Amino acid sequence: MKKNGYQILLPVTVMIWGSLYVAGRAVMEHMPALFLLFLRFSVSAVLLLGLAGAKKIEKIRREDRWEMFLVGFLGYFLSNAALLLGIQYSNASFASLINAMSPIFISIFAVLLLGEKMDKRDIISLLIAVAGAVIIIGNPGDSYSVFGILSSIVSLIVWSYTMIHIKKLTAKYDPVMVTGCGMGIAAVLSLPASLLYMKVSGEAVEMRTDLILPVLYICVICTAVSHVMWNYALKRTDATKCAAYYPIQPLTSMVLGILLLHEHISMNFILGAVLVLAAMAIHASPGHRFSPGS
């Protein structure tokens with residue numbers, strides 16, 4: 001892939017993640033969210049580790065296995081479980097609003113822990129994009145608890161911090177191996193968590209043939225393929241530049257909600273979309289890259 005191929009991978013990846021919200025709505029009406037989390041990670045791990053084995057990709061060495069465990073535990077399992085709890089005990093809009101802050105926290109960790117630098121154009125485009133995402137999401141309402149707020153914040157911080165470890169691992173190993181191992185760890189952790197949740201809540205999995213395609217889409221495209229693409233981009237470019245594309249996610253979910261679920265288009269959506277697209281144009285435009293101190 002060309003050196004700047006990440007500029008194609010990243011928007012496609014976050015658009016796929018945006019579609020997850022629409023596909024997930026249909027599926028989670030018939031199965032608990034934590035069980036879907038287990039399905040996502042187990043199917044993805046089998047596919048990616050099978051591919052890694054077929055291609056004889058180098059395995060994670062002993063000295064890096066603890067960092068690999070942190071990625072699987074913190075990044076894939078804990079952050080996603082906390083996000084689901086944040087949605088359950090607050091609401092989807094509030095959780096999305098917190099999640100829209102991811103680019104800021106990813107950039108902060110990348111600057112502090114990886115020594116990356118952000119030029120003036122990166123900072124401006126990042127702030128405009130985050131503002132656009134917040135406007136798109138709109139008023140999160142008041143149906144949330146302290147636990148829901150804390151869960152959403154934990155998800156945000158843990159996911160942003162884990163990007164640093166993924167960045168370090170993908171500098172040494174193929175993203176297919178890193179993603180497959182991380183999701184394998186998360187699958188092992190998600191199974192008992194989902195079984196415990198179903199036992200406590202009384203919820204059960206409803207098997208339906210019409211769920212096969214959306215579940216496969218969530219497991220294969222929204223999880224395995226998209227995360228490999230994201231990790232490949234992390235391998236090729238700075239985490240701060242990857243973070244700049246994150247606000248496309250709520251934009252995509254809103255567009256699909258309007259097209260597929262016939263949701264209402266609002267002025268918030270139009271204004272937020274304009275800001276996000278403007279930020280992406282600023283970020284991708286050619287020109288001199290100033291350092292923050294220039």
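The model shown is predicted, which means the values in this text are computed figures rather than measured ones. Hydrogens, waters and symmetry mates are skipped; everything else that's a heavy atom, side chains included, is used.
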Within this structure, what is the CD1-CD distance for the pair Ile108 and Glu116, rounded to the nearest 0.5 Å?
13.0 Å
Please check: side-chain N/O of Tyr232 versus main-chain N/O of Asp174, any donor-acceptor pairing under 3.5 Å?
no
Check this for me: Arg62, atom CZ, are more than 12 non-hydrogen atoms of other residues, nucleotides or ligands nearer than 6.0 Å?
no
Is it true that Val205 and Leu196 fall in one hydrophobic cluster, defined by side-chain heavy atoms closer than 4.5 Å?
no
Any donor-acceptor N or O pair under 3.5 Å, side chains Tyr197, Glu203:
yes
Worked check of side-chain hydrogen bond (donor to acceptor under 3.5 Å, both in side chains) between Thr179 and Asn231:
CA-CA 7 Å; Thr179 312; Asn231 291 345; 2.7 Å; yes
Once rounded to the nearest 0.5 Å, what's the spacing between atom CG of Leu216 and atom CG of Leu211?
10.5 Å
Before you tell me yes or no, could you show the steps for Tyr217 and Ser19 under side-chain hydrogen bond (donor to acceptor under 3.5 Å, both in side chains), namely the whole-Å CA-CA distance, both residues' side-chain angles and the distance that decides it to 0.1 Å?
CA-CA 10 Å; Tyr217 175 76; Ser19 71; 2.6 Å; yes
Only one of Ile221, Val228, Thr223 passes side-chain contact (heavy atoms from CB on, under 4.5 Å) with Val225; say which it is.
Ile221
With a 4.5 Å cut-off on side-chain heavy atoms, are Glu206 and Met31 touching?
no
Can you say whether the rings of Trp17 and His227 are parallel (under 30°), tilted (30 to 60°) or perpendicular (over 60°)?
tilted
CG of Leu10 to CZ of Arg236, rounded to nearest 0.5 Å, is 12.5 Å
Calculate, to the nearest 0.5 Å, the distance between atoms CZ and CZ belonging to Phe77 and Phe69 respectively.
10.0 Å
Side-chain (Ser194) to main-chain (Phe35) donor-acceptor, under 3.5 angstrom
no
Does the side chain of Leu49 come within less than 4.5 Å of Met183's, by heavy atoms?
no
Kindly give the heavy-atom pair with the smallest separation between Ile16 and Ser226, and that separation in Å.
CG2-CB, 3.9 Å
Counting N and O atoms only, with roles assigned by atom type, does the side chain of Thr170 sit under 3.5 Å from a partner on the main chain of Pro175, one being a donor and the other an acceptor?
no
Rounded to the nearest 0.5 Å, how far does CZ of Phe41 lie from CG of Leu191?
13.0 Å
Short question: side chain of Ser79, backbone of Ser155 - any donor-acceptor pair under 3.5 Å?
no
Short question: side chain of Asp64, backbone of Ile60 - any donor-acceptor pair under 3.5 Å?
no
What one should report as the nearest heavy-atom pair of Tyr173 and Lys235 is O-NZ, 3.4 Å
What's the shortest heavy-atom distance between Ile57 and Met177, and which atoms?
O-CE, 3.7 Å
Keeping Lys167 on the side-chain end and Thr237 on the backbone end, is there a donor-acceptor pair under 3.5 Å?
yes
For Val154 and Ala82, the nearest pair of non-hydrogen atoms, with its separation, is CG1-CB, 4.3 Å
In Å and rounded to the nearest 0.5 Å, what is the CZ to CH2 distance from Phe73 to Trp66?
8.5 Å
Of all heavy-atom pairs between Leu48 and Val176, which one has the smallest distance, and what is that distance?
O-CG1, 3.5 Å
